[in-house]
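Single-structure report; data block below.
Values below: every heavy atom of this structure, side chains too, minus hydrogens, waters and symmetry copies. We count residues from 1, following the sequence as given.
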Amino acid sequence: MAKVIPFKGVRPKPEFARNVAALPYDVYNVEEARKVIEKENASFLAVDLPLATMPEGSDPKSENVYKKAQENMEKLEKEYLVQDENPSFYIYELIMDGRSQRGFVCCTSVDEYLNETIKKHENTIAHKEADRVKHIDALDAHTGPIFMVYKSREEIQNIIEEEVSKTPEVEFTSEDGITHRVWAIVDEKITHELEKEFLEVENLYIADGHHRSASAAKVAKMRRLDNPNYTGDEEYNHFLAVLFPMEVTKIFDYNRVVKDLNGLSKDEFLEKLEENFLVEKSPTSPYSPEGKGYFGLFLEGQWYKLKIKDSFIETDIVKSLDASILQDLVLNPILGIDDPRTNSRIDFVGGIRGLKELERRCETDMEVAFSMFPTSIEELVAVADSGENMPPKSTWFEPKLRSGLFIHKLK
């Protein structure tokens, strides 16, 4: 079952929603974030990435970073934000290139996360998790929603369709051309009906936000230990999420660029690739893989088409992923990238940037690029159901949920 909990959302006043809404903190570096905040001083990025509002050279591990997040949050609350009087559910629609995604905004259960009814497909990195634990604890709030998916139920979709036939409370188009709309569900009868219908959903799956969800669970466990009157109903036992039916989500390719050929010449590298792949110059430039098991290679101004040989196709759910194939047959054994999470010779380029970005990187700071076929939502669910983990950087979701449109207070 999936337990969904209404909450008293802290939200921007409608006239300021466009100013406050910000892309997630982890899509920026500090300098990029600084420029965004200088341009828009109401941006929620000042809360989610407070280091960007501190003097250059500030210690990113200092407790002052989290004090600054508190300070920036208080400033926004005074002028731009307001808390709803009653617990509510919300609908959040994003429209990108004419394609609509309607998400159900709620709180989900920390206990369901801990007992794995809410399923994961990625490991987290300790220092990133520790940062978000301190951030949540300092703000006493969840500020970044977790992107989750579920197997659609007609009964839920019918209710949502009825609600979005009403005038949205919030509607704006962000600088990247994405339209955002928000509805609050205030009718208690409809709220109870949605709670009941989601109990029939077997599992929720984290699509994006593994560090935020893991951190929310850790904060809950800390506070349980510190609370002698713990009941289980405290707000910190719930964390902020936006739930989307699987069929409306879109996963983009997540491509790779590598700094060098690990001491090999171009001909030596191509020769090694031919042991496991059919390699040919691409008839199109750039080359976008047409299906699973196909890869693009950009090297010295030329695009190549790679196809894994049938004899090397795996049946294991994780090993058969294209990200695993590239890592296990190319990046590790040929290019010496043993751990892509920590190796400084590799970088990852989200598909939203286009394949020309791979060419640009190879003309500036990298030598070779690989274009990937997108992971499917079915593959993500299958890996999560198996209890396994995907390789790092296997999925890139668009459009990105904006932070600051919904905030969940822990008290």
Lys/Arg cation over aromatic Tyr25: Arg212, 6.0 Å, 45° cone: no

Lys/Arg-Asp/Glu bridge criterion (N-O < 4.0 Å) met for Lys39, Glu175: yes

Flag, side chain of His142 to backbone of Leu410, donor-acceptor distance under 3.5 Å: no

Lys305 and Glu290: CA distance, side-chain angles, deciding distance, salt bridge (Lys or Arg N to Asp or Glu O under 4.0 Å) verdict: CA-CA 10 Å; Lys305 174 181 175 180; Glu290 62 256 44; 3.1 Å; yes

Any Thr108 side-chain heavy atom under 4.5 Å of His238 side chain: no

Gap separating the CD1 atom of Ile251 from the OG1 atom of Thr375, nearest 0.5 angstrom: 6.0 Å

salt_bridge(Lys61, Asp59) N-O dist < 4.0 Å: no

Phe198 ring center near Tyr150 ring center (under 6.0 Å): yes

Heavy-atom closest pair, residues Val258 and Met366: C-SD, 3.4 Å

Spatial distance of atom CD1 (Ile185) from atom SG (Cys106) [nearest 0.5 Å]: 10.0 Å

Side chain to side chain donor-acceptor pair (under 3.5 Å), paired with His192, selected from Lys189, Lys196, Glu195: Glu195

Nearest heavy atoms of Tyr294 and Lys307, plus distance in Å: OH-CE, 3.3 Å

Minimum heavy-atom distance Asn343-Gly336, with the two atoms named: ND2-O, 3.7 Å

Ala369 versus Leu358, closest heavy-atom pair with distance: CB-CB, 3.8 Å

Side chain to side chain donor-acceptor pair (under 3.5 Å) assessment of Asp176 paired with Ser174: CA-CA 5 Å; Asp176 54 5; Ser174 49; 2.5 Å; yes

With Phe370, the side-chain contact (heavy atoms from CB on, under 4.5 Å) member among Val257, Val349, Leu331: Leu331

Test: Glu129 and Lys218 ion pair at under 4.0 Å: yes

Spacing of Leu51 atom CG and Glu31 atom CD [to the nearest 0.5 Å]: 9.0 Å

Less than 3.5 Å apart, which donor and acceptor atoms pair up between the side chains of residues 318-325 and the rest of the protein, not counting sequence neighbours?
{"from": "Ser320", "atom 1": "OG", "to": "Asp316", "atom 2": "O", "distance (Å)": "2.9"}
{"from": "Ser320", "atom 1": "OG", "to": "Ile317", "atom 2": "O", "distance (Å)": "3.2"}
{"from": "Asp322", "atom 1": "OD1", "to": "Gly293", "atom 2": "N", "distance (Å)": "3.1"}
{"from": "Asp322", "atom 1": "OD2", "to": "Gly293", "atom 2": "N", "distance (Å)": "3.2"}
{"from": "Ser324", "atom 1": "OG", "to": "Val318", "atom 2": "O", "distance (Å)": "2.7"}

Carboxylate-amine/guanidinium proximity below 4.0 Å for Arg224 and Glu234: no

Heavy-atom side-chain proximity of Ile156 to Phe104 below 4.5 angstrom: no

Nearest atoms (heavy-atom pairs only) where Leu405 meets Arg11: O-CG, 3.3 Å

Asp253 side chain to Pro374 backbone, donor-acceptor under 3.5 Å: no

Salt bridge Arg153-Glu197, side-chain N to carboxylate O under 4.0 Å: yes

Ring centre gap for Tyr304 and Tyr287 strictly below 6.0 Å: no

Name of the residue among Asn262, Asn276, Leu264, Leu261 meeting side-chain contact (heavy atoms from CB on, under 4.5 Å) with Ile334: Leu264

Heavy-atom check, side chain of Phe239 versus side chain of Ile136, under 4.5 Å: no

Lys/Arg-Asp/Glu bridge criterion (N-O < 4.0 Å) met for Asp137, Arg223: yes

Residue pair Asp48 / Arg132: nearest heavy atoms and the distance that separates them: O-NH2, 3.1 Å

Within the 6.0 Å centroid threshold, strictly below: Phe7 and Tyr90: yes

Mutual orientation of the aromatic rings belonging to Phe172 and His180 [parallel < 30°, tilted 30-60°, perpendicular > 60°]: parallel

Aromatic plane relationship, Phe147 with Phe397 - under 30° parallel, 30 to 60° tilted, over 60° perpendicular: tilted

Interatomic distance, Ser371 atom OG to Tyr254 atom OH [nearest 0.5 angstrom]: 15.5 Å

Spacing of OG belonging to Ser215 relative to NE2 belonging to His135, to within rounding of 0.5 Å: 10.5 Å

SB check Arg360 Glu363 (cutoff 4.0 Å): no

Check: Phe295 and Leu329 side chains under 4.5 Å, non-hydrogen atoms: no

SB check Glu32 Lys35 (cutoff 4.0 Å): no

Backbone of Arg99 reached by a side-chain donor or acceptor of Asp97 within 3.5 Å: no

Electrostatic pair Lys134-Glu63, nearest N-O below 4.0 angstrom: yes

Close side-chain approach of Lys151 to Met246, heavy-atom, < 4.5 Å: yes

